Amino acid sequence: MSTYDRIYEIVRQIPVGKVATYGQIADLAGLHGKARLVGYALFKVDTDSLDIPWHRVINAKGEVSHSSLRKGSDYLQKHLLEEEGIEFDPQGRVNLYQYQWQSQSKNKS
DNA sequence: TGTTTGACCGACC
DNA sequence: CGGTCGGCCAAAC
């Protein structure tokens, strides 16, 4: 059980057609204010665990993030989200007010 | 064991 | 509006 595992758990709980921000996940994972860890975790995760919908995780601005290291994932993540019913603004951003995952917070470990 | 790195966020100018 | 800075932490080398 590592800190990252907490993050993975949260991300796994993101329902289809919804997205979550790093900060949100961090908070839910008990990592309030440490959104970085979420990003770091996901970075490693996508290559390790495909069980995690990393594509549903976006930054606080509602934009789809991606590291320069990823190859073509810029389109991939956006594509996957679109397939889930999420639409992007002309700026390539998502309406967080509409698509942000509202965690029930009723699920405890 | 110590350094490097890595998908962020919010505040500030 | 955008560039910078500080903070925070864990895994990989």
Side-chain angles (χ1 to χ4, degrees):
Chain A
M1 184 57 171
S2 305
T3 311
Y4 280 11
D5 290 324
R6 303 292 303 232
I7 298 171
Y8 305 150
E9 269 187 73
I10 304 300
V11 178
R12 280 196 202 116
Q13 293 172 41
I14 302 177
V16 179
K18 296 277 182 168
V19 297
T21 65
Y22 293 96
Q24 180 181 7
I25 294 171
D27 183 45
L28 292 173
L31 304 172
H32 179 64
K34 301 187 269 196
R36 292 181 83 173
L37 294 182
V38 181
Y40 305 161
L42 291 175
F43 172 75
K44 306 158 78 64
V45 165
D46 77 305
T47 50
D48 240 26
S49 310
L50 301 178
D51 303 306
I52 302 173
W54 55 273
H55 55 272
R56 296 189 196 134
V57 186
I58 59 182
N59 61 25
K61 301 177 216 145
E63 301 174 327
V64 187
S65 291
H66 66 90
S67 104
S68 332
L69 312 177
R70 315 245 77 215
K71 47 183 182 308
S73 67
D74 53 349
Y75 166 77
L76 177 60
Q77 179 164 14
K78 184 178 170 191
H79 176 70
L80 291 172
L81 291 177
E82 287 178 330
E83 290 295 294
E84 295 186 351
I86 297 174
E87 67 180 89
F88 287 77
D89 286 22
Q91 303 175 351
R93 299 181 16 169
V94 186
N95 297 336
L96 291 179
Y97 292 97
Q98 181 179 357
Y99 294 111
Q100 187 172 50
W101 171 44
Q102 308 294 339
S103 62
Q104 305 297 305
S105 298
K106 67 198 305 183
N107 182 10
K108 293 180 89 165
S109 295

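First the proteins, then the strands, lettered A, B, ... as listed; each starts at 1. Because the structure is a prediction, the values reported are computed rather than measured.
Between B:dC9, C:dC8, C:dA11, one nucleotide has an atom nearer to the side chain of A:Lys44 than all others, and that is C:dA11. The listed nucleotides are C:dA10, B:dA7, B:dC9; the one nearest the side chain of A:Ala35 is B:dC9. The side chain of A:Tyr40 has C:dC9 as its nearest neighbour among B:dC9, C:dG7, C:dC9. Of the listed nucleotides (C:dC8, B:dC9, C:dA11), C:dA11 has the atom at the smallest distance from the side chain of A:Ser2. With B:dA7, C:dC8, B:dC9 as the candidates, the nucleotide lying closest to the side chain of A:Ala60 is B:dC9. Nearest to the side-chain atoms of A:Asn59 among the listed nucleotides B:dC9, C:dC9, B:dG6 stands B:dC9. Side-chain proximity of A:Tyr4 to B:dC9, C:dA11, B:dA7: nearest is C:dA11. The side chain of A:Leu42 has B:dA7 as its nearest neighbour among C:dA12, B:dC8, B:dA7.
Rounding to whole angstrom units, CD of residue A:Glu63 and P of B:dG10 are separated by 13 Å. When rounded to the nearest whole Å, the span between CG of A:Asp27 and C1' of C:dC8 equals 15 Å. Here B:dT5 presents its C1' atom at 9 Å from CZ of A:Phe43, a figure rounded to the nearest Å. In this structure, A:Gln24 places its CD atom 11 Å from P of B:dC9, rounding to the nearest Å. Note: NE2 (A:His32) to P (C:dC8) measures 12 Å, nearest angstrom. As rounded to whole Å, 7 Å separates atom C1' of C:dC8 from atom NZ of A:Lys34. In this structure, A:Ile7 atom CD1 and B:dC9 atom P are separated by 13 Å, rounded to whole Å. If you measure from atom CD of A:Gln100 to atom P of B:dC9, you get 11 Å, rounded to the nearest angstrom.
You'll find the side chain of A:Val11 stays beyond 4.5 Å of the side chain of A:Arg56, heavy atoms only. Residues A:Thr3 and A:Tyr40 fail the side-chain proximity criterion, which asks for heavy atoms closer than 4.5 Å. Using a 4.5 Å heavy-atom cutoff, the side chains of A:Ile52 and A:Ile7 are not in contact.
A cation-pi arrangement is present between A:Lys78 and A:Phe88, with the terminal nitrogen or guanidinium carbon under 6.0 Å from the aromatic centre and inside a 45° cone about the axis.
Counting non-hydrogen atoms under 4.0 angstrom, A:Lys61 reaches nothing in the nucleic acid.
The pairing partner recorded for C:dC1 is none, the criterion being a Watson-Crick or G-U wobble arrangement whose two distances lie under 3.5 angstrom. Partner assigned to B:dA7 is none, using Watson-Crick or G-U wobble distances below 3.5 angstrom.
Between the side chain of A:Arg36 and the base of C:dC8, a donor-acceptor pair under 3.5 Å is found.
Ring geometry, A:Tyr4 versus A:Tyr8: the interplanar angle exceeds 60°, so the pair is classed perpendicular (tilted spans 30 to 60°).
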